[in-house]
Structures are given as structure tokens and as C-alpha cells.
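Notes to accompany the following structure.
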There are 4 protein chains.
Amino acid sequence: MTHDETTTVTAIPTRWVGPIRVSGNAVTGEISVPLATYETPLWPSVGRGAKVSRLVEGGIAVTILGERMTRSVLFTAPDAASAHTAALAIHEREAELHEAVAGTSRFAKLVEVHPEIVGNLLFVRFALQTGDASGHNMVTRAADALMDRILSWGLPVEYGSISGNYCSDKKATAVNGILGRGRSAVADILIPHEIVERVLHTSAERIVDLVVRKNLVGSTIAGALRSANAHYANMLLAFYLATGQDAANIVEGSQGITYAETRPEGLYFSCTLPHLIVGTVGNGKHLAHTQEALERLGCEAEREPGANARRLAALIAASVLCGELSLLAAQTNPGELMAAHVAFERTGTEQS
Amino acid sequence: MTHDETTTVTAIPTRWVGPIRVSGNAVTGEISVPLATYETPLWPSVGRGAKVSRLVEGGIAVTILGERMTRSVLFTAPDAASAHTAALAIHEREAELHEAVAGTSRFAKLVEVHPEIVGNLLFVRFALQTGDASGHNMVTRAADALMDRILSWGLPVEYGSISGNYCSDKKATAVNGILGRGRSAVADILIPHEIVERVLHTSAERIVDLVVRKNLVGSTIAGALRSANAHYANMLLAFYLATGQDAANIVEGSQGITYAETRPEGLYFSCTLPHLIVGTVGNGKHLAHTQEALERLGCEAEREPGANARRLAALIAASVLCGELSLLAAQTNPGELMAAHVAFERTGTEQS
Amino acid sequence: MTHDETTTVTAIPTRWVGPIRVSGNAVTGEISVPLATYETPLWPSVGRGAKVSRLVEGGIAVTILGERMTRSVLFTAPDAASAHTAALAIHEREAELHEAVAGTSRFAKLVEVHPEIVGNLLFVRFALQTGDASGHNMVTRAADALMDRILSWGLPVEYGSISGNYCSDKKATAVNGILGRGRSAVADILIPHEIVERVLHTSAERIVDLVVRKNLVGSTIAGALRSANAHYANMLLAFYLATGQDAANIVEGSQGITYAETRPEGLYFSCTLPHLIVGTVGNGKHLAHTQEALERLGCEAEREPGANARRLAALIAASVLCGELSLLAAQTNPGELMAAHVAFERTGTEQS
Amino acid sequence: MTHDETTTVTAIPTRWVGPIRVSGNAVTGEISVPLATYETPLWPSVGRGAKVSRLVEGGIAVTILGERMTRSVLFTAPDAASAHTAALAIHEREAELHEAVAGTSRFAKLVEVHPEIVGNLLFVRFALQTGDASGHNMVTRAADALMDRILSWGLPVEYGSISGNYCSDKKATAVNGILGRGRSAVADILIPHEIVERVLHTSAERIVDLVVRKNLVGSTIAGALRSANAHYANMLLAFYLATGQDAANIVEGSQGITYAETRPEGLYFSCTLPHLIVGTVGNGKHLAHTQEALERLGCEAEREPGANARRLAALIAASVLCGELSLLAAQTNPGELMAAHVAFERTGTEQS
């Protein structure tokens with residue numbers, strides 16, 4: 001064997017932060033979350049947001065809006081008219097496709113078939129419900145079966161690719177948010193002004209101004225795509241690694257929108273995360289330490305398929321809100337961000 | 001203390017894959033690379049690309065095009081005319097800013113100041129060279145000093161934010177590629193047709209067709225942004241984790257372009273990675289296992305500042321090419337992707 | 001009255017170019033098209049493409065894939081949970097919405113209701129079929145009725161805006177192509193190699209290389225969005241003006257994809273135009289000169305609702321292909337573009 | 001001659017609206033503007049904004065931030081290393097390029113050379129100052145000369161294309177705003193609360209909320225690119241047509257950002273237009289009616305090169321602000337938009 005095969009382990013420092021007080025349609029309670037990261041100032045940052053959550057009745061509300069996993073396949077045709085003929089036939093025989101998917105897994109269920117034609121190329125994007133799995137492998141198996149089935153119909157198309165990039169996996173695109181991919185979650189909280197001032201050392205007005213100027217206007221001129229937040233990717237990476245997720249999916253996960261309002265009763269603050277690719281079963285989840293983390297999070301209970309994964313998605317969304325809120329608060333104050341980093345790196349303790 | 005502080009370790013399976021044969025303006029030789037991932041089929045996939053590299057004279061050529069780290073700050077003004085006045089003053093006094101940065105670090109060097117005005121908001125994006133560090137902390141320190149300096153000039157602007165999202169860190173945007181962020185690398189290789197057929201079981205024509213149809217056209221309809229590749233994020237995540245990088249930067253790293261041509265002498269295949277945020281010093285690099293990985297990669301040698309980091313970036317780019325080439329080759333063949341996954345998961349060995 | 005109200009006329013030079021040979025599911029025949037423009041070199045450019053079409057059996061095939069007009073409205077809620085409640089109710093009572101739209105126009109028909117939630121904001125995008133109208137006013141009336149109806153249901157939402165920019169009208173966005181807006185058309189043609197060489201002075205290989213390198217790769221690095229073409233906007237503007245369209249809709253019209261292949265039998269060349277906002281009735285169409293243009297194009301005949309507008313869209317798509325093909329051919333030859341402009345501006349005649 | 005050459009005229013209804021009160025670094029005074037459009041409700045809409053401007057001291061301030069026209073060319077190389085070598089040589093010999101451009105026109109001046117490499121493809125984007133011309137033809141001539149010059153140097157590159165889509169002309173992209181294209185303008189105004197209420201029938205708070213929710217958040221989820229406005233394209237089209245501009249450039253013109261703030265003294269409202277491609281000389285400007293329009297606008301005076309075009313750009317920006325402000329105000333009130341359209345279409349008079 002000429003190639004290298006040394007196998008080792010990469011050990012990433014992990015801290016359980018919280019507890020976060022959380023409520024909503026997928027989880028309720030006070031729960032600590034594990035964050036695996038080389039960037040340890042993340043811990044006190046999320047910790048400060050968690051502290052805020054515990055001071056508010058109901059804490060952070062998380063609403064799960066939907067769930068699905070996707071894969072697009074590519075067929076080639078001689079011309080657009082033939083591609084259109086094939087697309088119409090696929091639409092008419094969609095029931096057969098549902099059946100084809102059902103045969104590939106106990107949990108996979110086809111929920112949408114979305115075609116798009118470019119010249120003589122026919123892209124078809126399939127969306128599936130995948131139970132508690134993130135669904136990467138489930139959609140690969142399903143796509144295989146679906147292509148076989150469609151190619152057996154004698155339509156004027158040929159195999160192009162089992163993946164046509166209209167999926168889109170681990171790429172920042174617009175299609176994932178518009179048509180859906182992964183669990184879709186919104187985390188929000190209404191924080192009394194007194195707590196904003198005492199714990200976050202800022203005001204609702206200053207947070208709202210920063211959200212508009214930095215996250216919305218700043219992201220717009222940066223040429224961001226369906227995205228307006230400060231640092232969702234940090235929390236996602238740390239949580240994904242600690243719980244055995246395919247953390248390359250933080251790419252699409254990083255696209256999301258922070259939106260805030262000043263209200264008489266306090267600061268309304270929200271994080272919208274349209275595509276969290278997460279699961280509680282599958283690759284990475286059967287290792288001892290990830291299994292333990294999922295259990296401690298209460299995501300290994302006996303529930304209807306999908307409920308554990310939705311609970312996990314909700315906890316992730318709440319963690320993202322904690323870290324986003326804390327960083328934005330810090331950035332409203334000149335010098336605070338720098339001071340916090342320096343302090344934490346010197347002492348390793350939270351400065352709240 | 002009411003909050004949780006349990007500290008544990010997240011252990012990610014890591015394999016050294018290769019060696020990859022590589023040449024170019026930052027590294028030459030045959031070098032194995034460490035990939036830390038829960039998605040272990042990545043190992044044989046990159047391994048197959050490495051095998052191809054070893055069969056080609058010179059292997060994979062990697063050209064480092066540039067390097068810089070960036071941070072944007074935000075000032076607020078009463079109106080656009082005032083913001084413009086401030087932008088002109090900043091431009092005129094740029095020399096003072098270079099000096100201010102030099103005082104914050106031995107390695108930091110200001111290389112560009114790029115303003116953008118929206119209404120009464122003045123965003124200023126600073127680009128720095130940061131030696132062998134990825135530079136996150138260096139630009140935070142520099143931005144702090146730069147804002148202080150500019151605010152001391154009495155211009156008609158006030159503190160808006162130490163980070164204005166025009167940077168852009170861990171977000172997929174257009175500005176990073178156009179103005180530059182991180183090390184910019186192109187990896188390319190010219191593979192004789194015989195090797196394409198024997199090792200990759202496909203042809204140059206089929207690879208080129210797939211690159212155009214899937215990576216370019218498919219990404220376009222997905223609404224991708226300055227990005228056209230199959231799965232750069234997978235290789236980046238694995239390499240980043242194993243070497244102590246801030247892996248949340250795979251978000252911008254995932255944006256890159258695969259481009260290929262059929263030529264009489266073989267398949268020309270390239271991966272362009274405009275923003276690799278990587279370093280050989282700083283957070284995460286002083287842990288024993290990441291230190292060891294960097295040493296084994298030859299990235300801890302005595303060299304001029306930046307040379308170790310460029311070497312690392314080049315090795316990452318070569319690894320990305322290996323994985324990208326192998327996956328695309330598989331996708332030209334109906335059923336191969338599925339079969340490869342199944343086979344690897346059963347036996348754990350490469351099927352080449 | 002203090003404000004100015006002088007009314008004049010802007011007179012734009014217009015030439016009928018062609019005839020273009022065209023076939024497909026909306027129009028068949030040889031038809032000349034009117035192009036109103038200050039940039040008169042456009043005429044011979046489209047004329048050269050038209051000449052190619054007449055040399056090919058069947059000419060340019062145009063496939064109309066779909067048609068719809070859209071408007072998004074915005075509701076505000078106290079929080080995401082309430083917005084979600086409202087979205088679910090709207091989904092359940094969708095039948096009532098179809099009825100509400102039917103009452104606003106003989107031709108308007110609701111075909112899709114697509115919600116998206118950001119924090120406490122609920123955007124709902126409505127898609128309608130609008131017969132032969134482009135549908136701007138029809139969707140305004142429908143949106144008015146739909147908001148009234150929904151607000152009468154007592155859901156936990158309030159009026160936000162009659163237009164929420166998720167429509168999107170006269171803005172380049174991703175949603176229009178993914179969910180559909182306007183008539184969607186693909187124009188394609190297979191041109192024998194001999195004609196490519198004789199009329200276009202180039203080869204299939206060179207055209208395909210240019211389409212990939214300029215339109216696909218070049219547009220990608222420019223940060224284009226769901227768009228990869230050379231100059232669709234030119235043909236669209238000229239055709240829209242001459243036929244009384246709302247030419248500001250060339251903004252979304254400009255997004256489209258040119259895709260080409262080299263085949264043994266010739267050059268396959270296609271233009272995909274996902275969102276042509278055009279109609280044969282409504283504002284601008286009742287002026288004498290636009291009415292005459294529509295009649296000469298055969299778009300004022302007695303047909304089922306929508307057929308005239310689809311015919312118009314097909315003619316526009318064919319015209320776009322003519323101009324795109326001709327310009328790309330010119331750009332494969334160093335110096336030709338410049339020479340063509342100079343020659344035309346001197347003599348006013350086509351150089352083919 | 002087999003092809004069609006009937007030449008006619010497309011007559012577009014045009015009204016002079018205003019006067020608009022305007023100030024800033026390119027124009028000061030009260031000036032009416034011509035709007036050519038089939039969508040006549042645009043007239044009273046802009047008229048209402050003009051009325052507001054006349055009630056405010058100084059009216060609408062317009063700041064011109066910069067001006068340039070661009071063209072990218074494409075070279076092909078054997079590999080990335082060669083492309084990099086060529087890019088470095090072009091950088092080193094940039095002075096020769098300045099000289100080459102100077103030889104093509106009295107007014108053209110090279111101001112930036114920006115390379116980007118993808119695999120073996122070398123794109124080079126040139127930016128020029130073009131005096132009072134929009135500069136389409138000037139950059140074509142310059143690019144021709146620049147390519148000839150560069151190809152004469154014996155670098156390892158060949159002709160790829162005279163236009164590489166990294167320009168980008170008449171396409172919505174990110175590069176134009178980030179690196180600049182056309183005249184860059186910001187129009188802003190501070191409107192006392194009393195006027196907001198009396199003339200616009202709304203409040204500063206409601207305008208600001210709508211700007212954030214619709215223009216910023218709504219555009220973000222639509223997948224807009226560096227753009228957040230309600231309908232810039234409408235005003236641009238009408239103004240461009242009436243003054244002989246190449247109106248296909250409303251595509252990039254349509255990208256811009258509306259930003260507003262509530263202040264104690266009133267509503268701060270701004271429109272940022274980074275890429276107005278306009279000129280007072282060149283194609284379309286020598287027709288009698290466009291010449292007359294430019295004269296009436298005071299854009300044909302004896303001034304330093306560029307001053308007339310900057311004045312024109314400033315007037316366009318002010319007109320855009322008028323129409324944007326009026327529409328947003330209307331959309332804060334349920335039913336007003338519909339009523340305004342109906343009323344205007346019935347009576348043809350402004351309802352202010």
C-alpha cells in the first residue's frame with residue numbers, strides 16, 4: 001500500500017454552557033449545550049446570552065417551521081422541448097416517485113419535486129422528510145432510486161449527474177432558503193429594558209440600530225446572499241462538532257437573519273435559521289462522546305420520528321441567539337469586544 | 001455560579017491521507033495531509049485524487065496569488081456629505097493609519113483601506129498582512145487602534161461598530177473574493193487521458209461536461225454567489241480541524257470555482273480558492289495534536305513570516321483538488337457514488 | 001399649481017429586424033421584430049442572428065415553460081410563533097383566497113401562496129395567472145383583496161405592507177427564477193458547423209469556450225445572481241419599448257443563462273429566460289404605435305387568454321437569442337466587435 | 001436584401017415633473033426633470049417627492065462620490081502559474097497601459113487595473129474616467145488598445161475575449177458596486193415631522209419600519225444582491241429614456257440602497273445609487289428631443305469635462321429619491337397605493 005493511512009484523533013476543547021431557558025414547539029426547559037471549539041471566547045459569549053434567557057419568563061422561544069432534506073439530479077436532453085416533455089411526464093407520474101422513495105428507507109418520504117430547465121438540461125430537485133436523520137445518505141439512496149425509475153420511463157432524457165448542485169449541499173445558495181433544506185427555525189425573545197441595560201450593558205435602541213446598520217446594510221454591501229447576521233457560523237460549528245453533525249453544513253447554516261425591534265416592554269430580538277442540517281442518528285452520532293452529548297441534551301428519547309432532531313435544532317437555534325445577542329451587545333460599546341477577548345484569554349472566566 | 005462549566009473533549013477521527021505530489025510557489029514535494037471528519041468516506045475520496053497526483057510529473061501545481069486579512073469598521077455621520085468628507089480625510093491621512101497598525105503587532109501591516117458609503121453610514125474595510133497568523137485577533141487589535149486614531153481627528157463621524165459586516169468573517173459574500181481575504185490559491189493539474197480512464201474510470205470530456213453543467217450551470221440556478229464547486233467545504237473542514245484552524249471560516253472558504261478543459265494531452269483540472277483563512281500560529285495551534293500535525297506538514301520551520309502559512313494554504317488547496325476531482329469523476333458514472341459509499345462504510349478501505 | 005407639467009414625447013428610433021424563423025409551443029413562422037433603441041448597432045447584430053435562423057430548418061425553437069405574475073405582502077406579528085400560526089391558517093384557508101382573487105378580475109387566477117417568516121415578520125408571496133396582461137395592476141388589486149380577506153380572519157397579525165419586496169418587481173433577485181415570475185421561455189437552435197463558419201465567422205468550439213469562460217465563469221466572479229449571459233438586456237429593452245411593455249422589467253428579464261454545446265451535427269445554442277414580464281394588453285399597449293406593433297407581430301388575434309402574450313414572449317426570446325449569438329460570435333474574434341461598431345456607425349448597414 | 005429594415009419611431013409619453021429643490025457637490029437649484037414612461041402614475045409619485053423637497057431648506061442633497069467606466073478583458077493561459085506571471089507583468093508595466101489608453105481618446109484616463117485569476121483564465125478589469133460620456137464606446141476602444149498592447153509583450157497568455165463579463169455591463173452583479181462603475185451618488189434629505197405627516201400622510205417611524213422590513217429584510221429573503229430599494233428602476237428608466245441614455249443600464253442602476261432614520265428633528269431619508277451609467281454626450285444625445293432635454297436640465301453648459309455628467313447624475317439621484325419616498329409613504333397606508341393608481345388613471349392629476 002503506497003498511500004498513507006495513519007489514523008489519529010483530533011481533540012477539540014468542549015464546554016457545556018448554560019443552562020439556556022427555552023420554550024416553543026419542539027423543546028421546553030433549562031438545558032445546557034456543548035460547544036466544541038478552538039476559539040474559547042465563544043463560551044462566555046454564549047454564556048452571557050444564556051444568562052439573559054434565564055432572566056426572562058419563557059426564555060428563548062424557538063419555533064420550528066419545517067423540515068426536509070434535498071438532492072437535485074441532472075438529466076440531459078437533446079433540446080429544451082424534450083426537457084420540457086420529460087418535466088411534464090415527471091410531474092404527471094409523481095405518485096410513482098413517492099412509491100420509489102418509500103422503498104429505499106423506512107423514514108424517507110418524498111415531499112416535493114421541483115424541476116428547472118436550462119437549455120437542454122433538466123435539473124430536478126427532490127425534497128424528502130428524513131425522520132431524525134439529517135438525511136445526507138437517505139437522499140443519496142433516494143436519488144439513485146428516483147433516477148433509475150425515471151430513466152426507465154423512456155423519456156427523451158439521459159443520465160447527467162446524481163447531484164446537480166441545485167440541492168445545495170454545503171454551499172451558500174438562495175435555493176435552500178426559498179424552497180427549504182434542513183430544519184427551519186426561528187428563535188426569539190423579548191428582553192425587558194432593565195435586563196438589556198444591566199446584563200448586556202447597552203440599550204434596545206443601540207442593539208436595533210446595530211442590527212440594521214451592520215447586519216442588514218453591512219451585509220448588503222458585502223454582497224451577502226439571503227443572510228444578515230454577525231456570527232451564526234461560530235455557534236453552529238461548535239454545537240455541530242460536539243454532537244456529531246456533519247459540520248461542513250455550517251456553510252448553508254451560516255445564512256440566516258437577525259432582526260430586532262424596540263418595543264415599550266423591551267428589546268425584541270430574533271434569529272431566523274432557515275437551514276439547519278442536523279440529526280440525532282447517522283454518521284458521527286454513534287461515537288461514545290457524541291452519543292453521550294445527545295443523551296444529555298435529551299435528544300435520544302423515544303419519540304415520534306423527527307421529534308429528537310427538531311429538539312436538537314431548537315437547542316441549536318437558541319444557542320445561536322445567545323451568542324449573537326452577546327456579540328452584538330458588545331459591539332455597541334467601543335472597546336468592549338477587545339477587552340472581553342483579552343480578559344477571557346487571560347483568566348478563562350466569563351466577565352458578566 | 002449558576003451556569004454550567006463542564007469541560008470535555010470532542011474527539012474527531014483523523015486520518016493522514018496521501019501523499020499528495022505537489023509543486024508551485026509555496027511548497028514542493030510529496031506530503032500526506034490530515035483529515036479530521038465524522039464523514040469517513042472522505043478519506044478514500046481524497047486518497048484517490050492523491051494517487052492521481054503521484055502519477056503526474058510535478059503533481060498538483062499550487063499558485064498562491066495573495067494574502068491578507070480584513071476587518072471593516074462602521075462610522076455614523078449626520079449625512080452623506082459628512083461621510084464623504086470623512087472618507088476623503090481618511091484617504092489623505094492613510095499614512096498615519098499604516099503607522100497606527102504597525103504599533104499593534106510586529107507582523108501586522110496595513111495594505112488597503114477601502115471605504116463605502118450608504119446614506120450617512122461610512123464603512124471602512126481595512127486589509128492587513130498578518131504573517132503566519134490567520135489574523136482574526138490581529139485585525140481586531142488593529143481595527144481598535146484605527147478607529148481610535150480616526151475618531152481623534154475630529155471628523156464629522158462617530159463610532160458605529162468595530163465590525164460592520166463588510167469584512168466579511170464566516171459569511172459567504174462577494175466582497176471577500178473581489179477585494180481579497182485570506183490566502184488566495186489556485187491548484188491545477190494536467191492529467192494524461194490514460195490516467196483519467198484507468199484511475200478515475202471516466203474521460204476528460206465527461207469531467208468537463210459535468211464541471212460545466214453541475215458546478216457552473218447548476219450553481220448558477222441554485223443562486224450561488226461567486227462559487228461553483230462540488231464540495232470544497234468537506235475537505236476544508238477536515239483539514240482545518242486537524243490543524244487547529246478556526247473552522248467556521250470554511251463558510252467563506254467554501255466559495256471557489258472548479259474549472260476544467262479537455263486538451264489533446266489530457267484533462268486540465270483546476271480549483272480556485274480565493275479565501276483560505278489559515279495560519280500556523282495563534283488560537284488552536286498550540287494544542288499538542290495540532291502542533292504535531294503542523295510540524296509533520298512542515299509548516300513549523302524557520303522561514304520568513306507568512307511562508308509557513310502559505311505552505312499550509314497550498315497543501316489545503318491541493319487536498320481540495322484531490323477530493324473535488326475524485327467526487328466529480330464518480331458522479332460521471334451512474335451508481336458509482338452510492339456504491340463507493342456503501343463499500344467504504346463496509347470495509348473502511350479505498351476502492352481504487 | 002406650482003409644479004411643472006409640460007408634456008412632450010420621447011421619440012426612439014425603431015427598426016423592424018428579421019424576419020426570424022421561429023417554431024415551438026407558442027409561435028411558428030417567419031416574423032420580423034421591432035427594436036426601439038438609441039444604440040443602433042443592435043439592429044445588424046440581431047439581424048445577423050435572424051439570418052442564421054432562416055438558414056436552419058425550424059429556425060429557433062422557443063419553449064414556453066410557464067407563466068405567472070407575483071406580489072408579496074407583509075404582515076407583522078408579535079413574535080415568530082404568532083407568525084407561524086397565521087401562516088398555517090393561511091395555508092388551511094387557501095381556497096378562500098382563490099375565491100377572493102377571482103372576484104377582482106375575469107382573468108386573474110391564484111396559483112401559489114408561498115409564505116416566509118423572518119422573526120415576527122410574515123411575508124406571503126402570491127402567484128397569479130393573468131391572461132394576456134403582464135399583470136402588474138392585476139396583482140395589486142388581488143393583493144389588496146387578499147390582505148383585506150386575511151386581516152378579516154382575526155389572526156395574530158397586522159398590516160405590514162402591500163408589497164414586501166419578496167415579489168420581486170424590477171429588482172434582480174433569486175426568488176423570481178426559483179418560484180417563477182412572468183413568462184418563462186427557452187430559445188434554442190442547432191446550427192450546422194458550415195453555417196457557424198460562413199455566417200458567424202467562428203466555430204462551435206470557440207463559441208462554447210466563450211460561453212463557458214465569459215458567461216459562466218466571468219459572471220460567477222462578477223458576483224452575478226442566477227445569471228450568465230452577454231447582453232440580454234439590450235434586446236429586451238428595445239423590444240419592450242417598441243411594444244408598450246413596462247421596460248423597467250428588463251431588470252429581472254436581464255437575468256438568464258446562455259448555454260451551448262458542440263455536437264457532431266453543429267453548435268447547440270440556447271438562451272433561457274425565466275422571467276419575461278410582458279403582456280399584449282394593459283398600460284402602454286393602447287397607444288397607436290404600440291398597438292400597431294403588436295398587431296404586426298400577430299399578438300392581437302382572437303385566442304384563448306394568455307396565448308397572445310405567450311406568442312409575444314416567444315418572439316422576444318427568439319430575438320434575444322439572435323442578438324446574443326451574434327455578439328458572442330463577434331467576441332471570439334479579436335477586433336471584430338470594434339470594427340463592426342465603427343462600420344455600422346459610418347454606414348448604417350449590416351456587415352454580414 | 002432579404003431582411004426587414006422598416007424604420008419607425010417609438011413615441012413615449014414624457015412629462016416634466018418638479019421642480020425638485022436640490023443641492024450638493026454637483027448641482028444646486030430648483031430644477032424640473034423629464035420622465036418618459038408608459039406608466040404614467042410615476043409622474044404624480046415623483047411630483048409628490050419634489051413637493052417635499054421644495055418644503056425643506058436645501059432640498060435634497062446629492063453627493064457624487066466617484067465616477068468611472070469599466071471593461072474587463074479575458075486572457076487564456078496554459079495554467080494558473082502562467083496566468084499569475086502575466087498578471088504580475090501587467091501590474092509592473094501599468095504605466096504603459098495608461099499611455100495606451102491616453103492614445104485612444106482625449107477624455108479617457110485609466111484609473112484602475114484589477115486582475116482576477118480562475119484556473120488558467122486571467123480576467124483583467126479596467127476602470128477609466130470618461131469625461132461627460134457614459135463611456136461604453138470609450139472603454140471598448142481602450143480595451144482593444146490595451147489587449148493589443150499586452151499581447152505584444154510576449155507573456156504566456158492569448159486572446160480570450162474583449163469582454164469577460166467581469167465588467168459588468170447591463171447585468172446585476174456585485175463587482176460594480178464594490179470596485180465602482182458609473183457615477184456613484186447618494187441623495188439624502190432631512191424632512192421635518194410636520195411635513196412627513198402633512199404631505200406624505202405618514203410618520204417617520206412608519207417609514208423607517210417599512211424601509212427596514214420591506215427594503216432590507218424583504219430584499220434579503222428575495223435573494224437580492226447589493227440592493228435594497230422599492231422601485232429605483234422606474235425612475236431611472238423614465239429619466240434615461242428622456243435624456244438619450246442607454247437605458248439598458250438601468251439593470252445595474254436598479255441596485256441601490258434606501259436607508260432611513262428617525263431623528264428628533266425629522267425623518268432622515270437617503271437613496272444610495274452606486275452605479276449610474278449616464279452621460280451628456282454620445283449615442284442618443286444628439287437627437288433633437290434629447291438634446292433639448294439635456295439643455296433644459298442645464299447639462300450642456302461649458303464646464304470642465306465630467307461636470308455636466310455629474311450634474312445629470314445628481315438630478316437623476318434626486319428624482320429617484322422623490323419617487324422612492326413617495327411610494328414608501330403610500331405603502332405605509334393600507335389601500336393608499338391602489339387608490340392613488342385608480343385616481344390618477346381616472347383624472348391624470350396628482351392627488352397631493
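Every chain is numbered from 1, with letters handed out A, B, ... down the list of sequences.
- Only the backbone of A:Ile64 comes within contact range of chain C, with at least one heavy atom under 4.5 Å from a heavy atom of that chain.
- Looking only at distances, no side-chain donor or acceptor of A:Arg311 sits under 3.5 Å from a matching main-chain atom of A:Ala26.
- If you tally non-hydrogen atom pairs under 4.5 Å between each of A:Leu179, A:Leu121, A:Val62 and chain C, the highest count goes to A:Leu121.
- Side-chain contact of C:Asn229 with C:Gln255: a donor-acceptor pair under 3.5 Å is absent, judged by distance alone.
- In this structure, the portions of A:Asp79 lying under 4.5 Å from any heavy atom of chain C include both its backbone and its side chain.
- Between chain C and the options A:Ile257, A:Val118, A:Leu88, the largest number of non-hydrogen pairs under 4.5 Å is found for A:Val118.
- With a threshold of 4.5 angstrom between heavy atoms, A:Arg226 approaches chain C through side-chain atoms but not through N, CA, C or O.
- Between A:Tyr166 and A:His114, the angle of the ring planes lies from 30° to 60°, which puts this pair in the tilted group.
- With a 4.5 Å cut-off on non-hydrogen atoms, C:Leu190 does not touch chain A at all.
- In this structure, chain C has heavy atoms under 4.5 Å from both the backbone and the side chain of A:Ile117.
- There is a side-chain donor-acceptor pair under 3.5 Å between A:Tyr232 and A:Thr258.
- The pair C:Arg125-C:Glu116 does not meet the salt-bridge criterion, since no charged nitrogen lies less than 4.0 angstrom from a carboxylate oxygen.
- A salt bridge between A:Arg71 and A:Asp169 is absent, with no side-chain N of the basic residue lying under 4.0 Å from a carboxylate O of the acidic one.
- In this structure, chain C has heavy atoms under 4.5 Å from both the backbone and the side chain of A:Ala80.
- A salt bridge is defined here as a Lys NZ or Arg NE, NH1 or NH2 lying under 4.0 Å from an Asp or Glu carboxylate O, and A:Glu252 with A:Lys171 fails to meet this definition.
- Proximity to chain C is limited to the side chain of A:Asn25, based on heavy atoms less than 4.5 angstrom apart.
- If you measure heavy-atom distances from A:Ile189 to chain C, you find no contacts under 4.5 Å at all.
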